[in-house]
Amino acid sequence: MKKLTLSLLLLAMVAACVKPTSRRNYKYTLTRENKLYIEIYKAGILGRLNARYLTDSINFRKYLGKVDDEKEQLHCRINGDDIEVERRERVKGQGIQPDLQIVVSTAHYSLKELKKQHIFEE
């Protein structure tokens, strides 16, 4: 029991030291309107989780969250200065019904404020 506890503690410590934005964890970048980009990084030990960041590469990088692409996704809608980020989860349909996506949470950001604050989140 002590070996298992020690092993789990050691594994947790190693996982905490891994920076999701290191070059080694970079996967790809999605281009959005208004010269904005969404950067995707591996975030989990097994590689199933992805960390997502909204950036313009010069003024800011905003952490949007971690998602498991099999179960959920982050949808980013940009309308002028307003940026809306929805976290959606997939719900399996009953019988012959198709799978559905439900909005679990929503966050709003101002593009002007993000550029003004000049914060690069890790």
- Task: Search all heavy atoms of Cys76 against all heavy atoms of Ile83 and return the closest pair with its distance.
- Result: SG-CG2, 3.8 Å
- CD1 (Ile40) and CG (Asn25) are apart, to the nearest 0.5 Å, by 13.0 Å
- Item | Inter-residue atom distance Lys112.NZ - Asn59.CG, 0.5 Å rounding | 14.0 Å
- Message: I'd like to know if Glu121 pairs up with Lys62 as an ion pair, taking the criterion as any Lys NZ or Arg NE/NH1/NH2 lying under 4.0 Å from an Asp or Glu carboxylate oxygen.
- Response: yes
- Query: Are the side chains of Arg87 and Val67 in touch, meaning some heavy atoms are under 4.5 Å apart?
  - Reply: yes
- Task: Report the C-alpha distance between Leu111 and Phe60 in whole Å, list the side-chain angles of each, state the deciding distance to 0.1 Å, and finish with yes or no for side-chain contact (heavy atoms from CB on, under 4.5 Å).
- Result: CA-CA 10 Å; Leu111 183 56; Phe60 71 92; 3.8 Å; yes
- Message: Assess whether a salt bridge exists between Glu39 and Lys27, defined as any Lys/Arg side-chain N lying under 4.0 Å from an Asp/Glu carboxylate O.
- Response: no
- Query: How far apart are the C-alpha atoms of Arg90 and Glu72, what are their side-chain angles, what is the distance that settles it, and do they pass the side-chain contact (heavy atoms from CB on, under 4.5 Å) test?
  - Reply: CA-CA 6 Å; Arg90 194 177 105 211; Glu72 58 190 348; over 6 Å; no
- Query: Does a side-chain heavy-atom distance below 4.5 Å link Val85 with Thr106?
  - Reply: no
- Query: Taking atom CG of Asp56 and atom CZ of Arg61, what is their separation to the nearest 0.5 Å?
  - Reply: 11.0 Å
- Residues at least two apart in sequence or cross-chain that pass side-chain contact (heavy atoms from CB on, under 4.5 Å) with Asp82, listed by chain then number, are His108
- Please round to the nearest 0.5 Å and tell me the distance separating atom OH of Tyr63 and atom OG1 of Thr55. 15.5 Å
- Least distance between heavy atoms, Ala51 atom then Ala43 atom: N-CB, 3.7 Å
- Picking from His75, Glu89, Glu86, what satisfies side chain to side chain contact (heavy atoms under 4.5 Å, CB included) with Val103? Glu86
- Tell me whether Ile119 is reachable from Tyr109 by hopping between hydrophobic residues (I, L, V, M, F, W, Y) whose side-chain heavy atoms are closer than 4.5 Å. no
- Query: Is there a side-chain contact (heavy atoms from CB on, under 4.5 Å) between Ile38 and Arg32 once you walk through the steps?
  - Reply: CA-CA 7 Å; Ile38 297 177; Arg32 297 302 310 256; 4.1 Å; yes
- Message: For a quick check under 3.5 Å, do Lys42 and Asn50 share a side-chain donor-acceptor pair by atom type?
- Response: no
- Message: Applying ring-ring contact (aromatic ring centres under 6.0 Å, His included), can you list everything that pairs with Tyr37, at least two apart in sequence or on another chain?
- Response: none
- Can you name the nearest heavy-atom pair linking Ile58 to Phe120, along with the distance? O-CZ, 3.3 Å
- Query: Hey, would you say the Tyr41 and Tyr53 ring centroids sit under 6.0 Å apart?
  - Reply: yes
- Task: Kindly determine whether Leu54 and Leu36 satisfy side-chain contact (heavy atoms from CB on, under 4.5 Å), including the steps that lead there.
- Result: CA-CA 7 Å; Leu54 177 68; Leu36 296 175; 4.3 Å; yes
- Side-chain heavy-atom pair Lys71, Arg48 within 4.5 angstrom cut-off: yes
- Distance only, no hydrogens: is a donor on one side chain within 3.5 Å (strictly under) of an acceptor on the other, for Gln101 and Gln73? yes
